[in-house]
Amino acid sequence: MDLFRKKSAESYIQEGLAGDQSTKLKKTLGAMDLTILGVGAIIGTGIFVLTGVAAAELAGPSLVLSFVIAAIACVLAALCYSEFASSVPVSGSAYAYSYTAFGEMFAWILGWDLALEYGVAASAVASGWSGYLKGLLDGFGIQLPTAISGAFNMSEGTYIDLPAVIIVLLISFMLTRGIQETARFNTIMVVVKIAVILLFVVVGIFYVKPSNWSPFLPYGMTGVFNGAAAVFFAYIGFDALSTAAEEVKNPQRDLPIGIISSLAICTVLYIIVALVITGIVPYGLLNVTDPVAFALRFVDQNLVAGLISVGAIAGMTTVLLVLIYGQSRLLFAISRDGMLPKVLSKIHKKTQVPVVGTWTTGIIIAILAGLIPLDKLASLTSIGTLFAFAVVSLGIIVMRITSPDLPRGFRVPWVPFIPLLSAGACFYLMFNLSKETWQGFLLWLLIGIVIYFAYGYRHSKLNK
């Protein structure tokens, strides 16, 4: 039994260019589309929801340092993703990269890990989206029945978060209409949320009290690193761009541009918002579900706070869109390799998207979002993302040794130093997450390994 059989980068590329037409995606995206998709994927729940909890419970005003540390880890990983995306421009992201670098067993584990990342992240974002919508409706005097307003919790009388379920299914429907239509909608939503963030900064900066930044390190440097591990969730999404590789016109050039530029834009915005929000409100009061809007209500800017809620809803809509998109393309890639049922990689003749895979993704995410609380979802997403980033980083070193002549549109500088630093940073942040998060993550990987031996290995195309 060869658990480490590899799929060459050349065969992956050839399959994408001239493979079975029934599993071939349409190339329509450019560098600007990817950058906008990246911003759409990154800015959402992390900035509109998690900033409050992370400031109140973990880092205080030094949350800005947490964002910087998390950003550094992401930039290092982004460089590694950019090289892989430019040299193996196929759907599947870290799954496909691991297939070429480490072999099938590792590829399956990474694919299963990414399924956790995208699926659970999308569910968490849908929960945050629902929270902002309910807050907006409350402002108009509209209250949803308790039973359908939150994840399952008998003590509070909630059974299902219906708004979260509905938004996931609506976005899944939109994704089945085609990637061009999806990109247009994403662009409109990104413009709205960037405008709202800038509005928050422009209005909020006049209410900043430097005294609120003291003490700057209320939880010490331990709090800063714990905060970095928690807000790492805010940066996930740029890696989803690599799942779009087969739908990009010039992936060798455009994917690195899209990944790095979107991450840079979002990092700057995160740092500015963290400074302003902790400058307006004493950090201990920020443990709320809508901290950005709350900060403006705190200084009696209720009208602007209402606009912020609209922007937050738009922001989380785009994150949800890209995550569901990434998950469906991941299932498409694994299915095309034979390790999941073939129906997940079948392309609709008219829209040229994997319709069954998209609906499968949407339904699973809708169930998770409707029934599981947000706080249980975010930490699992962070550990899954960090693990994927670490493995991709190490894969760069392996590919430089095993495939030195592989054409690369982008090359990570200072190999192996940068990839090792990236992997080390990711593993360090992983170890700052809770024991319960680790237990859930290891249980998920164990389930994945069982499925691989029960189905994936026997049905793999490399087994034929």
Side-chain angles (χ1 to χ4, degrees), residues 1-26 84-85 87-119 176 239-240 242-247 251 324-349 352-364 384 388 391-392 395 398-399 402-403 444-464:
M1 179 179 284
D2 184 4
L3 301 179
F4 303 103
R5 52 195 179 188
K6 296 181 180 180
K7 188 171 181 178
S8 70
E10 292 77 11
S11 66
Y12 252 131
I13 294 169
Q14 184 61 28
E15 188 174 57
L17 292 174
D20 183 355
Q21 291 299 312
S22 68
T23 60
K24 192 173 180 181
L25 300 167
K26 185 178 180 180
F84 262 124
S87 58
V88 191
V90 296
S91 293
S93 185
Y95 158 77
Y97 308 154
S98 296
Y99 218 151
T100 62
F102 299 110
E104 187 173 277
M105 181 68 175
F106 270 101
W108 172 265
I109 290 173
L110 257 291
W112 189 247
D113 171 65
L114 287 174
L116 174 72
E117 176 194 337
Y118 294 142
T176 64
D239 57 314
S242 58
T243 66
E246 288 183 44
E247 293 164 276
I324 296 175
Y325 167 82
Q327 176 78 299
S328 67
R329 296 318 187 260
L330 172 66
L331 296 182
F332 165 85
I334 300 175
S335 168
R336 189 169 60 181
D337 288 334
M339 291 188 284
L340 284 176
K342 289 183 179 180
V343 68
L344 298 175
S345 57
K346 290 295 181 184
I347 300 300
H348 192 277
K349 290 183 179 179
Q352 290 188 276
V353 297
V355 173
V356 174
T358 301
W359 276 119
T360 300
T361 296
I363 291 169
I364 292 172
V391 175
V392 167
V398 173
M399 291 296 285
T402 59
S403 302
W444 176 259
L445 292 186
L446 180 62
I447 293 170
I449 291 171
V450 171
I451 293 174
Y452 173 70
F453 284 111
Y455 182 92
Y457 180 85
R458 292 186 295 110
H459 291 83
S460 170
K461 282 188 175 181
L462 296 188
N463 208 30
K464 297 176 182 178

Considering all heavy atoms of both residues, which atom of [X] and which atom of [Y] are nearest to each other, and what is their separation?
| X | Y | value |
| --- | --- | --- |
| Lys7 | Ser11 | CG-OG, 3.4 Å |
| Tyr95 | Leu330 | CB-CD1, 3.9 Å |
| Leu462 | Lys6 | CD1-O, 3.8 Å |
| Pro354 | Ile347 | N-CD1, 3.7 Å |
| Ala96 | Val90 | CB-CG2, 3.8 Å |
| Gly111 | Ile334 | CA-CD1, 4.0 Å |

Residues in side chain to side chain contact (heavy atoms under 4.5 Å, CB included) contact with Phe102, at least two apart in sequence or another chain: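 Phe102 satisfies side chain to side chain contact (heavy atoms under 4.5 Å, CB included) with Ser98, Phe106, Val391, Leu394, Val398 only.
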Tell me, please, which residues at least two apart from Thr360 pass side chain to side chain contact (heavy atoms under 4.5 Å, CB included).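 For Thr360 the side chain to side chain contact (heavy atoms under 4.5 Å, CB included) partners, ignoring immediate neighbours, are Leu344, Val356, Ile364.
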Distance from [X] atom [atom1] to [Y] atom [atom2], nearest 0.5 Å?
| X | Y | atom1 | atom2 | answer |
| --- | --- | --- | --- | --- |
| Phe332 | Thr361 | CZ | OG1 | 12.5 Å |
| Phe4 | Asp2 | CZ | CG | 8.5 Å |
| Asn463 | Tyr457 | CG | OH | 5.0 Å |
| Ile449 | Ile109 | CD1 | CD1 | 4.5 Å |
| His348 | Thr176 | NE2 | OG1 | 8.5 Å |

With side chain to side chain contact (heavy atoms under 4.5 Å, CB included) as the criterion, how do Trp108 and Leu340 come out once you've worked through the C-alpha distance, each side chain's angles and the decisive distance to 0.1 Å? CA-CA 10 Å; Trp108 172 265; Leu340 284 176; 4.1 Å; yes
Going by the side-chain hydrogen bond (donor to acceptor under 3.5 Å, both in side chains) test, which pairs reach into residues 445-456, not counting sequence neighbours?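 Sorted pair list: Glu104-Tyr452.
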Could you name each residue pair satisfying side-chain hydrogen bond (donor to acceptor under 3.5 Å, both in side chains) that touches residues 325-335, not counting sequence neighbours?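 Of all non-adjacent pairs touching residues 325-335, those that pass side-chain hydrogen bond (donor to acceptor under 3.5 Å, both in side chains) are Glu247-Tyr325, Glu247-Arg329, Ser335-Ser345.
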Contacts of type ring-ring contact (aromatic ring centres under 6.0 Å, His included), residue Tyr97, not counting sequence neighbours: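 Residues passing ring-ring contact (aromatic ring centres under 6.0 Å, His included) with Tyr97: Phe84.
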Output all residues satisfying ring-ring contact (aromatic ring centres under 6.0 Å, His included) with Phe453, sequence neighbours left out; order by chain, then residue number.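 Phe453 satisfies ring-ring contact (aromatic ring centres under 6.0 Å, His included) with no residue once adjacent residues are dropped.
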Worked check of side chain to side chain contact (heavy atoms under 4.5 Å, CB included) between Trp112 and Ile447: CA-CA 9 Å; Trp112 189 247; Ile447 293 170; 3.8 Å; yes
Holding to side chain to side chain donor-acceptor pair (under 3.5 Å), I want the full list of residues that pass it with Thr402, two or more places apart in sequence or in another chain.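 Partners of Thr402 under the side chain to side chain donor-acceptor pair (under 3.5 Å) test: none.
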If the condition is side chain to side chain donor-acceptor pair (under 3.5 Å), which residues does Ser93 pass it with, not counting sequence neighbours?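 Per chain and number, Ser93 pairs via side chain to side chain donor-acceptor pair (under 3.5 Å) with Ser242.
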